[in-house]
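The structure under discussion appears below in the form of structure tokens.
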Amino acid sequence: MKISGAKALIESMLHEGVDTIFGYPGGAIMPTFDALYDYDDKLKHILTRHEQGATHAAQGYARVSGKVGVCLVTSGPAATNAITGIGDAMIDSTPMVVITGQVGAALLGTDAFQEIDVVGITQPITKWSYQIRRPEDIAWAVARAFYIARSGRPGPVVLDFAKNAQIQEVEFEYKPCTFIRSYIPIPDVNPAQIELAAQLINGAKKPYALVGQGVMLANAEAELKAFLEKADIPAAWTLLGASAMQTDFSLNKGFLGMHGNLAPNLKTNECDVLIAIGMRFDDRVTGDLKTYAKQAKIIHLDIDAAEIGKNIKPDAPVLGTAKETLAALLEKIQPAKHTEWIESFNEPIKREFDVVIQKEVHPTTGEITMGEVVRLISEATQNKAVIVTDVGQNQMMAARYSGFTQTRSLITSGGLGTMGFGIPAAMGAKIGAPERTVCMFAGDGGFQMTIQELGTIMQEQIGVKMIILNNHFLGMVRQWQEMFFEERYSFTEMMNPDFIAIAKAYRIDGTEVHERHELDAAIADMLKDDKPYLLVVNVEKKGMVFPMMPAGACVTNILLGD
């Protein structure tokens, strides 16, 4: 039996297990939206208020659930509006399939209304970008798209769907894709490299592990814990690696990077064997590459050969999924104790607590701080919430002061640093994990970049808890201006609207807090049910995120503020 290309697309997605689509209709994709009307009982479509919101929502959904996020938008400006989310997903290894409408094949290249070269634009920021011009290619392209998006190192795929291919009929048959010639998503583990890495670990006096998102993408949390415990190796996590280890795990020593914890950064240049697991040696972690861990033997576990040696040349490159390579190493490493080395973390941990953390999360006087708001909300959720952030000071504070008891619990824009990520990503995260509490932290700047998605939250009654840390500044830029630009606050101070009034217009409850004594009751009110809620907390205008490693500085050149 023949069906339209639009129905073939939907049937193909159903074969791939898709249950939720985030999107926005328009002319060139209208036949597919018309077909979608008949699948209301099988596919949930979330109408976002902007195509960028659709991509970030799909990212949040994918990151918390482990499934492929799906977007469906029209051609031209809709496709270009999706570019930011596609680029964000690429750099943060988020599995996503974005389907864009396109003018009919006969009109391609004529500058027809809302025609744009989607494939040409997106090829550099996707794992694969393909234009479907014939209905006969739909099932093949969708199978290939989902296989590429979810396999190996995950990432975004774009299918540009010509209007004629949506309308024309095809004899539908679906075959899942399990192999593509020349595409090797999971490299074979080399036993010789495992042996070399194990020898380095077994001979180490000061081993140190850096944990990235690759651990969670490989579902290797249990293998990581067993590996660290057997060899008694202290570990720290990257921003995207947050929650791969529970916060209270004894070998978890904290957050790496520019605004990470003092001890994890300092110890990078003291260890004798550095084991990087599913992380890419981002510049925000390494600082100056010329001074980074020069004393250490480097072991790099990664699924992507392109990351091996890109920034830091390893002594033992280990290709493969973290689940496989950690399991293989676990068999080869010897039980060990590194008590003195692990105890050496205590002094800088205490120093940071005394100089920075104590006054940030337990202030008794002065204005409300960002850190204390994060701490109180995390504690109120028993450290079980999914924490979603926007980008800036709110992001660093949420990462630093949230507690994590479950994996896949920090959803944030890492490599691209996309302001406006927070609201739509929180929507997607709540839909991907409806049983979990989702708390979204944003600054007053980033919140306004995708504030229109409050309409999506209203329509779908998505129970996200939104917290604005309102300092009336673009806080992180202001911090840099204060520290490195002689306090020349060039266009960073903001006059803000009445956020609670806006939320009320969207039929979302909320409250605004000005004084510390109001916080506990406001947080309790926010968390009392599973409905959407906006909490605006007016925090100190010139709060700072410390520690801070200046851009391009050595990892040991960390500023503690006072």
Side-chain angles (χ1 to χ4, degrees), residues 3-14 16 18 20-40 43-58 68-87 89 96-123 125-126 128-146 149 156-170 172 424 456:
I3 60 175
S4 71
K7 286 192 173 182
L9 173 75
I10 296 167
E11 291 287 346
S12 298
M13 289 195 291
L14 289 172
E16 290 294 337
V18 176
T20 304
I21 299 172
F22 302 91
Y24 204 102
I29 200 67
M30 204 174 293
T32 298
F33 270 89
D34 181 67
L36 194 61
Y37 190 86
D38 296 325
Y39 288 84
D40 192 47
L43 271 176
K44 185 175 182 62
H45 178 271
I46 306 296
L47 175 65
T48 60
R49 297 307 188 261
H50 191 281
E51 292 86 0
Q52 182 182 344
T55 58
H56 293 330
V68 177
V70 180
C71 297
L72 183 64
V73 302
T74 195
S75 63
T80 57
N81 284 344
I83 296 299
T84 298
I86 294 168
M96 183 165 70
V97 172
V98 178
I99 300 149
T100 61
Q102 185 55 277
V103 301
L107 291 173
L108 288 169
T110 69
D111 291 333
F113 178 65
Q114 292 191 334
E115 179 194 1
I116 199 158
D117 183 1
V118 174
V119 172
I121 291 171
T122 59
Q123 272 184 335
I125 54 169
T126 56
W128 186 50
S129 188
Y130 180 77
Q131 189 172 74
I132 302 173
R133 301 183 183 184
R134 308 183 313 144
E136 292 81 7
D137 296 333
I138 293 168
W140 170 86
V142 172
R144 190 179 177 100
F146 277 83
V157 170
V158 168
L159 295 178
D160 193 38
F161 199 9
K163 193 170 186 178
N164 64 287
Q166 301 172 51
I167 297 168
Q168 293 163 0
E169 292 192 332
V170 64
F172 180 74
T456 309

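Values below: all heavy atoms of this structure, side chains included; hydrogens, waters and symmetry mates excluded. On a predicted model such as this, the values are computed, not experimentally measured, just so you know.
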Looking only at non-hydrogen atoms, find the nearest pair between [X] and [Y] and report the distance.
X      : Y      : value
Phe22  : Ala54  : CB-O, 3.7 Å
Val118 : Ala79  : CG2-CB, 3.7 Å
Ser12  : Phe172 : OG-CE1, 3.3 Å
Gln166 : Ala28  : NE2-O, 2.7 Å
Ile3   : Glu11  : CD1-CG, 4.3 Å
Val170 : Ala8   : CG1-CB, 4.0 Å

Side-chain donor-acceptor pairs of residues 98-106 under 3.5 Å, sequence neighbours excluded:
residue	atom	partner	partner atom	Å
Thr100	OG1	Asp160	OD1	2.7
Gln102	NE2	Ile116	O	2.9
Gln102	NE2	Asp160	OD2	2.9

Atom [atom1] in [X], atom [atom2] in [Y]: separation rounded to 0.5 Å?
X      : Y      : atom1 : atom2 : value
Leu14  : Glu16  : CG    : CD    : 10.5 Å
Ile29  : Leu9   : CD1   : CG    : 7.0 Å
Tyr130 : Asp137 : OH    : CG    : 4.0 Å
Ile10  : Tyr37  : CD1   : OH    : 13.5 Å
Arg133 : Leu108 : CZ    : CG    : 5.0 Å
Asp117 : Thr80  : CG    : OG1   : 12.5 Å

Below 4.5 Å, heavy atoms only, C-beta onward: do [X] and [Y] meet side chain to side chain?
X     : Y      : answer
Val70 : Phe146 : yes
Leu72 : Phe33  : yes
Leu47 : Thr456 : no
Thr48 : His56  : no

Point to revise | Any donor-acceptor N or O pair under 3.5 Å, side chains Thr84, Gln52 | key: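 No.
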
Exercise for review: Show the numbers, then the answer: is there a side-chain contact (heavy atoms from CB on, under 4.5 Å) between Ile138 and Phe161?
Suggested key: CA-CA 9 Å; Ile138 293 168; Phe161 199 9; 3.6 Å; yes

**Study point:** Test item: Asn81 side-chain N/O and Pro77 main-chain N/O as donor-acceptor pair under 3.5 Å
**Key:** yes

Exercise for review: Check whether any side-chain N or O of Glu115 sits under 3.5 Å from a backbone N or O of Gly109 as a donor-acceptor pair, and report yes or no.
Suggested key: yes

Revision key, fill the gap. Per side-chain contact (heavy atoms from CB on, under 4.5 Å), Leu43 is matched among Thr20, Ile21, Asp38 by Ile21

Check your understanding: Taking the six-membered ring for Trp, are Tyr39 and His45 ring centroids under 6.0 Å apart?
Key -> no

